[in-house]
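So the structure is just underneath, and the comments pick up after that.
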Amino acid sequence: MPDGAPAHGAFPAAGRRSVSRYHAGRPASGSPLLEARSVSIEFGGIRALSDVSVRVEVGEAVGIVGPNGAGKTTLFNCLCGQYCPARGSVWFDGKPIDGLPSYRRARLGIARTFQRVEVFPEMTVLDHLLVAERARRGDGRLWKDLLNMSRVRRDELDRIEAVLGLVGLADMAATPVGALSLGHCRLVELGRALCLEPRLLMADEPSSGLDTGETAALADLFRRVQQEKGMAILLVEHDLDMVARVVDRAMVLDFGELVAEGRLDEVMADPLVRRAYLGRAG
Amino acid sequence: MSSLLDYAIPGVPYGCEFALLAVGLVLTFRATGVFNLAFGAQAFVSAFVFDLLDEYAHWPQWAAFAVAVLVLAPGLGLALDHFLCRPIRTASTTAKVVSSLGLLIAIPQSIPIIFGGRTRHRIGYLWLNPNIVYFHIGSTPVNGADISTTVVTLGVVLGLMAMFRWTSAGLTMRAVVESRRLASLEGVNAGRVAAGAWALSSLLAGLAGVMLLPQSNSIDPTNPLEFTTLLVAGITAAAMAGMSSLPVALVGGIGLGVLENLLVKFLPPGGVLAQGLLPSLPFIVLVGVLLANPRLRHLDQSSDPLASVDPPPPPRAIAIRDKRLELPMKWGFRLLVIAFVVSCLTWVPGNWVFPLGQGLVFSVIFLSITLITGMSGQLSLCQASFAGIGAFTAGQLALHMGLPVLLGAVVGAVLAAVVGVVLALLVIRVSGLLLTLVTLAFALFADNVLFQFSWTGGGVAGLVVPRPAMGSVNFNNDRAFVMLALVVLALCMGVVVLIQRGTVGRYLAAMRGSPTAAASLGINLSWSKVTVFALSAGMAGLGGALYGSIEGPISSTDFNYVLSLVWVVVVITTGAQTVEGAVQAGMAFAVFAQVLTYLPQRVAGIEFIMFAVGALTYAAHPEGIVEYQRSIWMARVGRWLEAWDERRSRMARSGMPPGSAATGAVAGGVGGAPGSAVPGALPASAPGSAPAGGAYHA
């Protein structure tokens, strides 16, 4: 599918869509994994996002940076189906996914973590990952439960333990998540998302609550899953060092608008971006 | 046209009562976030005391009014705020509803204990005599009660609106409604404002209660249930107002009253429609409003921009049992079951076998609450209606088609499950509070309409559900029936445990913990919800059929909507999240009732009060107080064992350090507050960073 000009007639907002200036000059490539086109959303008259376009290629790591309140998490929620954008559309793997509820998007291969930690406080770390593992396989038949066929199997356990080792929670498997610190809860979320074996991993400020050493380890982890498993990564992050370690490309959001896109060092040098971060005088 | 008015005008004062209730509900909800189901109970207290002082103590009306409405009602509101509301201010909407549910049951039950039961001889009234017709509108006579109700309601609502708009007290209250936390930062004493809102809404409740006394002669100050039924109309009007607008609540309430009176005119009197539609009108309107009003969708979600600064809800006490405790517990349980069976078959006196059987049957019904409330976190207030569907189906099938009652019970369970699915599909997009209200509406509908037909609940006379017979075994004998109930209960327990341990149970636990995160993993929440609703309704239906069978003659009063409320409260008190909790609840419920037969009639309500007070702790301990205590004791025993181990190993190898890893006594979730320091580094956290035991006394 050529960039910006879908062949599908089913494109919902074809009439009103304008090709984003960031995409206008790009050469046509293979179908991107995730593409948001001119997404806009308002909350009570406040434009949280206006005409934001995002592309993530297969296996690519993209960072979204921007000051607080720029709309980063809102963008995540639009991509994952928690919010329904007022205009624009979201495509995944060459198909529009607008209107799909978030659980259907997750089944397509989009996994995410949350800025405000969303864990299941009564469950253990292991159970978190088990839920994800079973959800990935589309398990959950009632009759299987009733025939006692839902016991934890060895192969499941092996896979979960591998993921736990990856995120560094191996010795906390049996701990109820309610007893973990915020940083560890973020790692549980990350492990849970990795268990889904997504094609796109969306992480919303994964490093907040972690110290510098842990953050560095986390950056390595992202790099590893990207290289070894070919996961594409969409990372919202305040810690620019971490972004620099992980991403291939960065986008800067400010007041709900995309102000720059490109290599991280380039975009951070952009006067528009400096102004967004440092104020008008900068 | 004038005849239309003749019917519409009497609806106005009637609707004003609804409006008064609705305004009070909206006020409390906006200011404190509590959907106060106990509002009807508060109205009842004032009405009761007013009537008591007026009729028995022969006080002048103004004095009785002053005490009952101006002093007692706000006092009750302040007490509720202080003892109930403050501790649960940051709890979830469901927890708050459970607390108000406890009050709804506890308050009216405690009144006869305090004042003694009594009958009413004379209608007390306030201000204008209801027996005097002051003037006519068209040909409609307008009596004193009509005038006083309408004038007082309009006065109160307009006064409140003026207060909110123009006074500084109203301004601060609006600020607190927007964001309690932000208002606090601005120097507003949010706690005092909330207390004021409670006092004010309680005053409205008292006023409504007293105004109701002469309004309808069906209102009996010794019968709190009628006040609760009226509350539904209040809830409907409040829902119309989106739980926020006072004028809409007023108009909605009056409109409902008028509509009801108009229907009386247009429906043929004595017909099925008039009998069926009239009492169910508020519920039909309520369901319609709940589903149609989009503003109600997000009632549960706080709009407070500072909502995230609140500390997280207290985590559940989780005890990892010492491995050595498992074997004795297992054998203890087996011995208990054997002892129970042997006792029931031999020495237990006949008048005690029956309640034990009832307890087992209740346990089956209560397991349905474990499924819906404990496992999925939804609060359903219509389990008694599902039980009724099961019981009446089994009874009717046995009566008309000669179907064996056990088969009929299965059919009843399936039918209840189907109704459950329909109800779940109706509320699939909503959750929390709205689901609770829709189930409450359905319970009232089933109670007042569905079970009143001769082909369902057998009308007033009721229906007889026979005892099952299996070959030569005659279950007419209570002892034999107890065995049957035990088998059914064991099967149901097995089902619940398997689901709980299986994938579906884990999905539900995930949904309970965080619906957003569960959906982000690809779990279809709607499907899980429908499944659990169907299972729960089916199990309630099965239990209901058994209940009918053990009782024999049953009627719609056996599946009264109040029972749904009481049952939920009972299970929540003992523990809604475990199978044992449901069985404990069932046995305790039946056994207490039997014990109470030895006590004077006056204290009969004490059982309900006990459980209702237990429900007030739900916000703090969602696992139930019995479960909570049990986990504390398990942890304690675990610690003792550990200490004993340590001492022994020290003595064995004196000088050597004690055993390396703790056997895992407790992993209390106390240190889970976000923002606390992260122990241990990411790549390989030291073993010491795992939370240590003994967190309970923290």
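To find a chain, count down the sequence lines: A is the first, B the second, and so on, and within it residues start at 1. Quick caveat: nothing in here was measured; it's all calculated off a predicted structure.
Considering OH of Y103(A) and CG of L525(B), their distance stands at 9.0 Å, rounded to 0.5 Å. The OG1 atom of T531(B) sits 10.5 Å away from the CZ atom of R141(A) when rounded to the nearest 0.5 Å.
Looking at D145(A), its side chain never comes within 3.5 Å of a backbone N or O of L498(B) through a donor-acceptor pair. Between the side chain of R107(A) and the main chain of G522(B), a donor-acceptor pair closer than 3.5 Å is present.
For R105(A), no part lies under 4.5 angstrom from a heavy atom of chain B. Both the backbone and the side chain of L142(A) come within contact range of chain B, with heavy atoms under 4.5 Å apart. For V119(A), the part lying under 4.5 angstrom from a heavy atom of chain B is the backbone only. Residue contact with chain B, scored on non-hydrogen atoms closer than 4.5 Å, is absent for R104(A). Interface residue I110(A): only backbone heavy atoms are found under 4.5 Å from chain B.
Counting all heavy atoms, side chain and backbone alike, M123(A) lies closest to A509(B) at SD-CB, 3.8 Å. Contact between S150(A) and R506(B) at its shortest, heavy atoms only, is O-NH1, 4.3 Å. Between S102(A) and A519(B), the shortest heavy-atom contact is OG-CB, 3.4 Å.
Of the listed residues I499(B), L535(B), V504(B), N524(B), the one with more heavy-atom pairs under 4.5 angstrom with chain A than any other is N524(B). Between chain A and the residues P515(B), A510(B), G513(B), A518(B), the most heavy-atom pairs under 4.5 angstrom are made by A510(B).
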Self-check item: Check against side chain to side chain contact (heavy atoms under 4.5 Å, CB included), R134(A) and Y507(B)
Solution: CA-CA 9 Å; R134(A) 295 252 164 104; Y507(B) 285 180; 3.5 Å; yes

Practice problem: Would you check, one step at a time, whether the test side chain to side chain contact (heavy atoms under 4.5 Å, CB included) holds for K144(A) with T503(B)? | Solution: CA-CA 8 Å; K144(A) 277 191 182 173; T503(B) 314; over 6 Å; no

Self-check item: Worked check of side chain to side chain contact (heavy atoms under 4.5 Å, CB included) between Q577(B) and E122(A)
Solution: CA-CA 11 Å; Q577(B) 294 185 341; E122(A) 293 163 18; 3.9 Å; yes

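Heavy-atom contacts from other residues, nucleotides or ligands closer than 6.0 Å to CZ of R47(A) number more than 12. Remark: R501(B) CZ is loosely packed, at most 12 non-hydrogen atoms of other residues, nucleotides or ligands lying under 6.0 Å away.
The shortest side-chain heavy-atom distance between V131(A) and I523(B) falls under the 4.5 Å cut-off.
With 3.5 Å as the limit, one finds no donor-acceptor pair spanning the side chains of R112(A) and S520(B).
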